[in-house]
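Before any comments, here is the structure.
Just so you know, ligand 1 is whichever comes first in the structure, and atom 1 is the first atom listed for that ligand.
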Amino acid sequence: MRIAMIGTGYVGLVSGACFAEFGLDVVCVDRDADKIARIERGEMPIYEPGLDELVARNRDAGRLAFTTELGDAVREADAVFIAVGTPTRRGDGHADLTYVFGAAEDIAACVSRPTLVVTKSTVPVGTTRRLWDFFRERRPDLPIEVASNPEFLREGSAIGDFMRPDRVVCGVETERARDILAQAYRPLNLIETPILFTGLETAELIKYATNSFLAMKITFINEIADLCEKVGADVQAVAKGIGLDGRIGRKFLHAGPGYGGSCFPKDTLALLRTAEQYDSPLRTVETVVAVNEARKRRMVRKITDACGGSVAGRAVAVLGVTFKPNTDDMRESPSLVILPALQAEGAEVRAYDPKGMEEARRLLPGVIWGEDPYGILEGADVLVILTEWNEFRGLDLDRVRRMMREPRIVDLRNVFDPERVVRAGFSYVSIGRPAIDGSLPEKH
Ligand code: UDX
């Protein structure tokens, strides 16, 4: 079976390489010639653990190719996956479908035999059917069918998520579409992965509802963490205690500075626009979006409070600026709000991130960047942990304390054991955990 994957961004490149690993013949297409040339040289456009080896192995095996010629790839393909970006449209929160319909235009212009076109990009409910109408109109001479096959890949563990998913969702309305997708995902039968066949709109909505639910789960535990601080409870234990209830589950209950990334912020907004359009409000999701926005500001207050009420003239050392570890992605990272706010309050902000600094330099002007975690600590008044990269867990706390002007840590990801940090001589503030001396906060 041959497939064409349009778009070699995060989703397209990972999905293309993984389908090749499943044994399919895959051609990945991107109109950015420079990007294609770099991938062919083995340089990945994104940082994703294991991706370079996966691409190299499948290219060497002759199952994975790259091209800028969409026509060549599409004409030969049984299925064409659209995996281009659907960013938030400026101003109104709707998903921008310019690239999706641009790809559809190109496909319609060159397809020469019955073909299945699959939306892998996250597209608003109703888009795949609109594409079907579009193809019927543009190519009445050919049976072009459509399907919706949303992805659930987490950055940093995208390959594992593709190869061992919790489920695969296929929105199909014809036998042929169903057969082709069943065949594409056949290797997953071996590990008994549930493959759900649904209607087009259902598949599209499953994607948005999943991401919005997960964003809600995170936002819920974040608010519970705030309450924990007030009542003297420990959010880690609360998360465990509720997560062990099988109906709730333990994942995505890690309190932090608010969710970010390329999906949750964009998809929650897009779902709200759909809800508005159909006059079917989603108050829970509206609240999630608002609470998450406010949370980033709240984190600024937490840092200034830890510094005695003001960071003016203080040196703030920030470890981690990406929206989560194991990625170089800066999209919608809480750091993009928190760091400029600290600067605006007069702080000298220094930062280090294992993978995100190249991009962050552009997005965070005025920040002083370090070569390694210790490179930003000399004379610092507070150390802020913003992203839970593993390498920060093993920091030599004695060395950190000796370097800092004030031994003070604000840990927005709860990576440290409070007792250990306090024993090492720091004042320590984390998320949703009681003061280490056991004192209860005052009631208001
Ligand atoms: C997410 C979805 O998980 C994935 O299925 C979808 O296809 C794309 O969006 P990703 O954006 O890569 O993946 O990151 P994820 O690991 O889900 O984390 C998103 C954000 O939530 C990060 O900012 C992370 O720090 C935050 N988060 C996650 C928490 O604050 N607490 C948690 O318990 C989990």
TODO: Say whether Arg130 and Thr127, considering side chains only, have a donor N or O and an acceptor N or O under 3.5 Å apart.
DONE: no

- [ ] Kindly indicate whether the side chain of Tyr47, heavy atoms from C-beta on, has any atom under 4.5 Å from the side chain of Glu358.
- [x] no

Task: Of all pairs that satisfy side chain to side chain donor-acceptor pair (under 3.5 Å), the ones with a partner from residues 248-262, not counting sequence neighbours - done: Glu155-Ser262

Task: Phe220 atom CZ: more than 12 heavy-atom contacts under 6.0 Å - done: no

TODO: Output the set of protein residues with a heavy-atom contact under 4.0 Å to ligand 1, ordered first by chain identifier and then by residue number.
DONE: Glu151, Phe152, Leu153, Arg154, Glu155, Lys207, Asn211, Ile218, Phe252, Leu253, His254, Tyr259, Gly260, Cys263, Phe264, Phe323, Lys324, Arg413

- [ ] Check each of Lys302, Arg298, Arg433 against Glu229 using the salt bridge (charged side-chain N to carboxylate O under 4.0 Å, His left out) test, and report the only one that passes.
- [x] Lys302

TODO: Establish, from distance only, whether the side-chain atoms of Thr128 and Glu204 form a donor-acceptor pair under 3.5 Å.
DONE: yes

